[in-house]
Protein chains: 2
Amino acid sequence: MPTEKIDRRSLRTRAMLRDALISLFQKMDYETITITDIADQANVGRSTFYAHYTSKDDLLRSSFAGLRALLVDQQQEALARRGSFEDRSLGFSLAMFEHAGNHRDLYRALVAGRGGTIALTSIRQILSDLVRNELTTTYDKANPHFVPHELVVQYVVGAFMAVLTWWLDRRAELPPERVDAMFRKLAVQGIFRINEPPPPAVPLSN
Amino acid sequence: MPTEKIDRRSLRTRAMLRDALISLFQKMDYETITITDIADQANVGRSTFYAHYTSKDDLLRSSFAGLRALLVDQQQEALARRGSFEDRSLGFSLAMFEHAGNHRDLYRALVAGRGGTIALTSIRQILSDLVRNELTTTYDKANPHFVPHELVVQYVVGAFMAVLTWWLDRRAELPPERVDAMFRKLAVQGIFRINEPPPPAVPLSN
DNA sequence: GTATTTACGGAACTCATTGTCCACTATCCT
DNA sequence: AGGATAGTGGACAATGAGTTCCGTAAATAC
């Protein structure tokens, strides 16, 4: 069992520190937040902070456990569905857009500053694992030995992260389903046709 | 004329500061570099630094002028070429891979640390401008009013940056032409087929 | 070539933050 | 209840950010 009975006090203060960081995130840039700020906001001694986390980054990184679980679920569910390849692929996408949309303010604060780096890196890491896993069960069989596996993973996740941050910067005006559909159309058609001949000339007539 | 005759001494010290930062980049993380370090490395007074730049970030950002010019050239050249849509599209890609490959050590140092953020953001900005410009002359006509213009820009640039950093992390083993080809195949086919029906079922037989 | 303008150096100073330490207290666990 | 564990708040040295000032050096203007 992974739960090694941690003292309630520890759990409490850790939660308070997490919440404090999230609160501060909405008020100021991540970089300008100091350990003192966090400790004050959490009503906790500064030395207490160091008893649990080694740095701001450490604290931030530790706050991405739930998200991973959520996305893994969604992926499993999508893969288990019937339907075309595109319907079942990239199952994390919609869930991620929705999650980000629901916590829009937080995410936008995250993405904005330089501190977004850690957050985005964490998310990127989670998504990379998902995509990598998904591709081993699908893409590989269809397109063996053509483009390095990991290149496709990075391509897809990079594109996704870019669309996600763009969407958030735009105040998430488009409904999640729409962005999701657009992203996946771009991505899936790009990924699964690389063995085919190039597309025809551009249809200027219509 | 944009050159407002700047004192030679200024030009010299600015160059020395730039070089100093680049040197230090190879030795230590961007975050751990201090203004003092830069000034020392450049053999310049610390106050002199502040006479020219307001911060480390400011200095770093100012070091991306040449790159932009190079990439714009490449794009123009590629667009002027004859050939298929894919051949002419995304003309910055190969140039960027080659530039990064030639200055591999520097780029890898840039990408590695957290300070890469500023560098990567600068590059991302440059590339976004290029792609946006390119799409207004091509993509728009082919796929009007379907996916927001800017979404495609972000999608492409995000994917590119991800592939680029992955490639650099891998010590740039693949030749630039290869990565370029792979990236553009993924990107172009993904971008220019969004009006067409979905791809056929996966060819498991072969 | 001289005068004027501009940049440089370097020290001094203020301020904010980090990270560590310690003795004391509060809380939990069983 | 009593030992273990966690939290408190203050003191501490160390580091770096910016700013200011003034004497000196170098470039530019004419």
Side-chain angles (χ1 to χ4, degrees), chain A residues 1-63 109 113-118, chain B residues 1-63 113-119:
Chain A
M1 51 194 70
T3 53
E4 302 173 11
K5 42 178 171 179
I6 300 173
D7 198 305
R8 285 178 194 170
R9 289 167 294 180
S10 291
L11 294 173
R12 267 204 319 250
T13 39
R14 286 183 199 194
M16 304 192 72
L17 288 171
R18 265 201 304 274
D19 293 348
L21 181 59
I22 291 176
S23 296
L24 291 172
F25 242 127
Q26 333 249 16
K27 297 179 201 157
M28 54 209 295
D29 282 355
Y30 176 75
E31 318 128 55
T32 67
I33 298 174
T34 69
I35 308 282
T36 308
D37 290 336
I38 301 172
D40 287 353
Q41 173 77 26
N43 274 314
V44 150
R46 197 167 65 91
S47 43
T48 303
F49 178 96
Y50 287 106
H52 293 277
Y53 303 101
T54 66
S55 66
K56 233 187 342 180
D57 294 1
D58 186 26
L59 168 58
L60 178 54
R61 262 188 287 265
S62 83
S63 307
R114 269 249 275 82
T117 311
I118 294 113
Chain B
M1 52 194 71
T3 53
E4 302 173 9
K5 40 180 172 179
I6 300 172
D7 198 306
R8 286 178 194 170
R9 289 167 295 181
S10 291
L11 294 174
R12 267 207 316 254
T13 39
R14 286 184 199 192
M16 302 191 71
L17 288 170
R18 266 201 303 275
D19 293 348
L21 181 58
I22 291 176
S23 295
L24 291 172
F25 241 129
Q26 331 250 14
K27 298 179 201 156
M28 54 210 296
D29 281 356
Y30 177 76
E31 319 128 56
T32 67
I33 297 175
T34 70
I35 308 282
T36 308
D37 290 336
I38 301 173
D40 286 354
Q41 172 78 25
N43 273 314
V44 150
R46 197 165 67 93
S47 49
T48 303
F49 177 96
Y50 286 106
H52 293 277
Y53 302 101
T54 65
S55 67
K56 233 185 344 178
D57 294 1
D58 187 25
L59 169 59
L60 178 55
R61 263 188 286 265
S62 84
S63 307
R114 274 249 273 77
T117 312
I118 293 114

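In the text below, chain A, chain B and the rest are named by the order of the sequence lines, each starting its count at 1. Predicted, not measured: the structure shown is a model, and the values here were computed from it.
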Reckon [X] touches a base, only the sugar-phosphate, or nothing at all at heavy-atom distances under 4.0 Å?
X       : answer
B:Thr34 : sugar-phosphate
A:Arg8  : sugar-phosphate
B:Arg12 : sugar-phosphate

Calculate the interatomic distance between [X] atom [atom1] and [N] atom [atom2]; express it in whole Å.
X       : N      : atom1 : atom2 : answer
A:Asn43 : D:dG9  : CG    : C1'   : 14 Å
A:Glu31 : D:dA17 : CD    : P     : 15 Å
A:Phe49 : C:dT18 : CZ    : C1'   : 11 Å
B:Ile38 : D:dG18 : CD1   : P     : 11 Å
A:Asp40 : C:dT18 : CG    : P     : 11 Å
A:Ile35 : D:dG7  : CD1   : C1'   : 17 Å
B:Tyr53 : C:dA7  : OH    : P     : 13 Å
B:Leu24 : D:dG16 : CG    : P     : 13 Å

Let me know, please, whether B:Asp37 or A:Thr48 comes out on the 5' side of the other along DNA chain D by nearest nucleotide.
->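 By nearest-heavy-atom nucleotide position, the 5'-most residue is A:Thr48.
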Given that B:Arg9 and B:Thr32 both sit by DNA chain D, which one's nearest nucleotide is further toward the 5' end?
->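 By nearest-heavy-atom nucleotide position, the 5'-most residue is B:Thr32.
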Would you mind telling me which of C:dT18, D:dA4, C:dA7 lies closest to the side-chain atoms of A:Thr36?
->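 Minimum distance to the A:Thr36 side chain belongs to C:dT18.
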Taking the side chain of A:Tyr50 as its heavy atoms from C-beta onward, which of D:dA17, C:dG19, D:dT28 lies nearest to it?
->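 Comparing D:dA17, C:dG19, D:dT28 against the side chain of A:Tyr50, the answer is C:dG19.
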Examine the base of D:dG9 for any acceptor or donor lying under 3.5 Å from a partner atom in the side chain of A:Ser47, and report the outcome as yes or no.
->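 Pair found.
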Under the 3.5 Å rule, do the base of C:dG10 and the side chain of B:Arg46 count as making a donor-acceptor pair?
->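 No.
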Check whether any side-chain nitrogen or oxygen of B:Ser10 sits under 4.0 Å from OP1 or OP2 of C:dA7, and answer yes or no.
->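 Affirmative; the distance criterion is met.
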Taking OP1 and OP2 of C:dA7, is either one under 4.0 Å from a side-chain nitrogen or oxygen of B:His52?
->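 For C:dA7, OP1/OP2 do not have a side-chain N/O of B:His52 under 4.0 Å.
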Is the shortest side-chain heavy-atom distance between [X] and [Y] below 4.5 Å?
X        : Y       : value
B:Phe49  : B:Thr36 : no
B:Asp58  : B:His52 : no
B:Ile118 : B:Tyr30 : yes

Using distance alone, with no hydrogens and no angle criterion, decide if B:Thr34 and B:Asp37 have a side-chain donor and acceptor under 3.5 Å apart.
->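 Yes, because at least one side-chain N or O of B:Thr34 sits under 3.5 Å from a partner of the opposite role on B:Asp37.
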Roughly how far apart are B:Arg14 CZ and B:Ser62 OG, rounded to 0.5 Å?
->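 OG of B:Ser62 is found 8.5 Å from CZ of B:Arg14.
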